[in-house]
Amino acid sequence: MAHYLPIISCFILAFSFYPLLNKIRKNRSVSGVSLLMMSFGVAQSLYFITYNVYFQRIYMVLPFIVTGVLSGLILYYFVRYNAARQQRLQLAGLLIVSVTPFLLLLSPSLDTATVLNWLTYVGLAMSSIRVMPQTYKTIKSGDISNLSVRYFSLQFVAGACGLGAELAMASPSVSHVLTFVMILLTNAAQLGCIQYYKSRPVMA
């Protein structure tokens, strides 16, 4: 199960991003999508990919690769369709700041395995708050034109698969377990927010 669930999660994640990417390409805009959510998606994925590669948890690498690549694709569309020069610089700065904790690996006085474990908790923090700016943006603007219920519902299912895979491992990672739990909670909150504005179109 620990091997099959991450693979299933990869397909679910790919399907979850498809309607969102399709809307963005159709509208030629990323209006309503939180760039902080996608930037943290890229950075968080890098932390967990590095950890899982180092500890040879190869199957658990796969979902984070899919999340990182597809989140990065949405950022590419932002640069292509919406971003002014200043916004591009802000995005680049945000991504650079997000991955600066990797510099701890350069310290000869710190054990690599310990640092990588710490970095997964940085990824946990990002995973915990990455959907919150999207939820705030949705509440503030009422703009759900580019948001997909399928995206957040399938992200929820993928999080459940990831949690099951982690718990099935011989030595589960606490940071991974907490990350998948936060994925379930934050995506459930965003789904509730979208459904609210769908049922109140006058306020959207």
Taking the side chain as everything from C-beta on, heavy atoms only, tell me whether Val69 gets closer than 4.5 Å to Leu73. no
When rounded to the nearest 0.5 angstrom, what distance separates CZ in Arg150 from CG in Leu154? 7.0 Å
For Phe55, does the CZ atom sit with more than 12 other heavy atoms under 6.0 Å from it, leaving out its own atoms? yes
Which other residues end up in the same hydrophobic cluster as Leu103, if Ile, Leu, Val, Met, Phe, Trp and Tyr are linked when side-chain heavy atoms come under 4.5 Å apart? Leu106
Are Tyr4 and Tyr59 near enough that their ring centres are under 6.0 Å apart? no
Counterpart residues, side chain to side chain contact (heavy atoms under 4.5 Å, CB included), relative to Ile183 (two or more places apart): Ser127, Thr179, Phe180, Asn187
Of all heavy-atom pairs linking Leu62 and Ile7, the shortest is CD1-CG1, 4.0 Å
In terms of hydrophobic clusters joined by side-chain contacts under 4.5 Å, are Tyr47 and Leu110 together? yes
Salt bridge (charged side-chain N to carboxylate O under 4.0 Å, His left out) pairs touching residues 181-195, sequence neighbours excluded, are none
Sorted by first residue and then second, give each side chain to side chain donor-acceptor pair (under 3.5 Å) pair with at least one member in residues 105-116; sequence neighbours left out. Ser107-Ser109, Asp111-Thr114
Using the side chain to side chain donor-acceptor pair (under 3.5 Å) rule, collect all pairs that involve residues 9-20, keeping only residues at least two apart or in two chains. Ser16-Gln155
Atom OH of residue position Tyr121 - does it have more than 12 heavy atoms of other residues, nucleotides or ligands inside 6.0 Å? yes
When you compare the side chain of Gln90 with that of Leu94, does any pair of heavy atoms fall below 4.5 Å? no
Scanning both residues in full, the closest heavy-atom pair of Leu124 with Leu178 reads CD1-C, 3.6 Å
Which atom names give the shortest non-hydrogen contact between Pro63 and Leu13, and what distance separates them? O-CD1, 3.4 Å
Please check if the side chain of Thr100 supplies one atom and the backbone of Val97 the other of a donor-acceptor pair under 3.5 Å. yes
Are Val174 and Thr120 close enough, and set up right, to give a side-chain contact (heavy atoms from CB on, under 4.5 Å), and what steps lead you there? CA-CA 9 Å; Val174 175; Thr120 59; over 6 Å; no
Are Leu119 and Thr50 packed together at the side-chain level, in the sense that at least one heavy-atom pair is separated by less than 4.5 angstrom? no
Is there a continuous path of hydrophobic side-chain contacts, each under 4.5 Å between heavy atoms, that joins Leu167 to Phe48? yes
Joint cluster assignment, Val99 & Tyr54, ILVMFWY side-chain distance < 4.5 Å: yes
Spell out, yes or no, whether Phe64 and Ile58 are grouped together once hydrophobic residues are joined by side-chain heavy atoms under 4.5 Å, including indirect joins. no
Taking every non-hydrogen atom, the tightest pair across Val177 and Pro172: CG2-CB, 4.4 Å
May I ask you to decide if the ring planes of Tyr51 and His176 are parallel, tilted or perpendicular, using 30° and 60° as cut-offs? tilted
Check side chain to side chain contact (heavy atoms under 4.5 Å, CB included) between Leu89 and all other residues, then give those that pass, not counting sequence neighbours. Arg85
Residues Met60 and Ala165: closest non-hydrogen pair is CE-CB, 3.8 Å
I'd like to know if the side chain of Arg28 and the backbone of Tyr81 have a donor-acceptor N/O pair within less than 3.5 Å. no
May I ask you to decide if the ring planes of Tyr151 and Phe17 are parallel, tilted or perpendicular, using 30° and 60° as cut-offs? perpendicular
Might you point out which heavy atoms bring Gly68 and Val42 nearest each other, and give the distance in Å? O-CG2, 3.6 Å
